[in-house]
Amino acid sequence: MDNPAQTRRAAFSLLELILTLTVLAGLATGLVVFYFQRSDVTLDNAARLLVEDLRTAQGIALNSGTPTSFAFEGDTYTATDQAGETLMHPRTGVGFVRDYHRDAVFEGVQILSVELDGAAKLQFAPDGTPSTGGTVRLGFAQAQRIVRIEPVNGWISVD
């Protein structure tokens with residue numbers, strides 16, 4: 001018969017498990033914050049999201065056969081339909097309003113300039129072509145990205 005004092009412990013105590021999980025959660029939180037504070041990651045993701053939103057508004061114009069608009073104001077942009085109502089994103093069901101100051105992931109990202117050949121906003125015709133071409137310059141810390149909209153073919157890209 002084994003002596004209870006001599007038996008080896010084969011499992012963790014609840015306290016050890018909680019302490020280990022707490023340390024791991026703290027490390028993960030710190031790494032996520034550090035990762036998103038890198039200007040290239042934050043700025044690349046903001047530019048990618050802007051391109052995706054522009055293409056989605058363009059696609060909605062194509063699919064619905066009605067014009068859509070894309071307006072920039074400060075560090076915010078909004079996509080609207082022909083009646084001026086905010087477009088709903090087809091995948092998320094959320095309105096197309098992005099505000100870099102309110103979105104914690106993109107905190108610090110700024111829309112530095114919007115050059116749409118003199119137009120106040122970008123409009124997509126029912127065939128998906130933009131009313132004008134131009135650029136949107138985004139900045140974060142010392143880094144910048146330029147989103148280009150081609151006037152004839154409607155191609156949208158990031159430099």
Side-chain angles (χ1 to χ4, degrees), residues 20-159:
T20 302
L21 291 175
T22 302
V23 168
L24 289 175
L27 285 172
T29 301
L31 288 173
V32 166
V33 169
F34 175 75
Y35 179 76
F36 280 106
Q37 284 179 342
R38 294 179 43 209
S39 63
D40 57 332
V41 170
T42 301
L43 193 54
D44 286 344
N45 286 333
R48 214 173 290 125
L49 182 61
L50 173 58
V51 168
E52 179 184 319
D53 287 347
L54 284 163
R55 288 179 181 161
T56 301
Q58 186 179 35
I60 290 171
L62 272 166
N63 290 333
S64 67
T66 59
T68 59
S69 297
F70 216 90
F72 297 89
E73 185 177 328
D75 292 326
T76 304
Y77 60 85
T78 307
T80 56
D81 62 15
Q82 188 173 0
E85 299 292 322
T86 302
L87 290 176
M88 301 306 274
H89 196 287
R91 281 184 296 186
T92 64
V94 177
F96 263 102
V97 177
R98 303 268 187 220
D99 185 344
Y100 290 134
H101 290 298
R102 290 187 171 181
D103 191 340
V105 174
F106 299 120
E107 187 175 343
V109 173
Q110 297 177 320
I111 298 175
L112 300 175
S113 67
V114 178
E115 298 170 12
L116 299 173
D117 294 334
K121 59 185 171 181
L122 181 64
Q123 295 182 327
F124 291 106
D127 65 357
T129 58
S131 57
T132 184
T135 61
V136 179
R137 186 180 307 269
L138 301 176
F140 182 76
Q142 304 301 324
Q144 294 184 11
R145 298 292 182 275
I146 298 173
V147 174
R148 293 195 185 282
I149 303 106
E150 297 297 327
V152 176
N153 60 14
W155 182 251
I156 303 165
S157 63
V158 178
D159 285 352

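Numbers here simply count residues along the sequence, with the first being 1.
Side-chain contact check for Pro90 versus Ile60: some heavy-atom pair is nearer than 4.5 Å. The shortest side-chain heavy-atom distance between Asp53 and Phe70 falls under the 4.5 Å cut-off. Within the 4.5 Å cutoff, the side chain of Leu54 has heavy atoms near those of the Leu122 side chain. With contacts defined as side-chain heavy-atom distances shorter than 4.5 Å, the pair Val94/Met88 does not qualify. At least one side-chain heavy atom of Ile156 sits under 4.5 Å from a side-chain heavy atom of Gln58. At least one side-chain heavy atom of Leu87 sits under 4.5 Å from a side-chain heavy atom of Thr68. Residues Ile146 and Val136 are not in side-chain contact: their nearest non-hydrogen atoms beyond the backbone lie 4.5 Å or more apart.
Of all the heavy atoms in Ala125 and Ala61, the pair that sits closest is O-CB, 3.5 Å.
Within 6.0 Å of the CD atom in Glu150, the count of heavy atoms belonging to other residues, nucleotides or ligands exceeds 12.
No option in Ser69, Pro67, Pro130 other than Pro130 meets the side-chain contact (heavy atoms from CB on, under 4.5 Å) test with Phe124. With Asp117 as the fixed residue, the side-chain contact (heavy atoms from CB on, under 4.5 Å) test singles out one of Thr135, Thr132, Ile149: Thr132.
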Worksheet item: Step by step, would you call Tyr100 with Leu50 a side-chain contact (heavy atoms from CB on, under 4.5 Å)?
Response: CA-CA 11 Å; Tyr100 290 134; Leu50 173 58; 4.1 Å; yes

Practice prompt. Apply side-chain contact (heavy atoms from CB on, under 4.5 Å) to the pair Ile111 and Leu138, showing each step before the final yes or no.
Written response: CA-CA 5 Å; Ile111 298 175; Leu138 301 176; 3.7 Å; yes

Practice prompt. Take Glu107 and Phe140, measure what side-chain contact (heavy atoms from CB on, under 4.5 Å) needs, and give me the verdict at the end.
Written response: CA-CA 9 Å; Glu107 187 175 343; Phe140 182 76; over 6 Å; no

Discussion item. Under the criterion side-chain contact (heavy atoms from CB on, under 4.5 Å), I'd like the reasoning laid out for Gln144 against Leu112: C-alpha separation, chi angles, the key distance, then a yes or no.
Written reply: CA-CA 9 Å; Gln144 294 184 11; Leu112 300 175; 3.6 Å; yes

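Ring geometry for Tyr77 versus Phe72: interplanar angle of 30 to 60°, hence tilted.
In this structure, the side chain of Gln123 does not engage the main chain of Ser131 through any donor-acceptor pair within 3.5 Å. Checked by atom type and distance alone, the side chain of Thr78 never pairs as donor or acceptor with a backbone atom of Val97 at under 3.5 Å.
The structure places CD of Glu73 at 11.5 Å from NZ of Lys121, a figure rounded to the nearest 0.5 Å. For the atom pair CG (Asp75) and CZ (Arg102), the distance works out to 12.5 Å, reported to the nearest 0.5 Å.
Between Arg91 and Glu52 there is a salt bridge, with a side-chain nitrogen of the basic residue lying less than 4.0 Å from a carboxylate oxygen of the acidic one. We find that Asp159 and Arg145 are not joined by a salt bridge, their nearest charged nitrogen and carboxylate oxygen being 4.0 Å or further apart.
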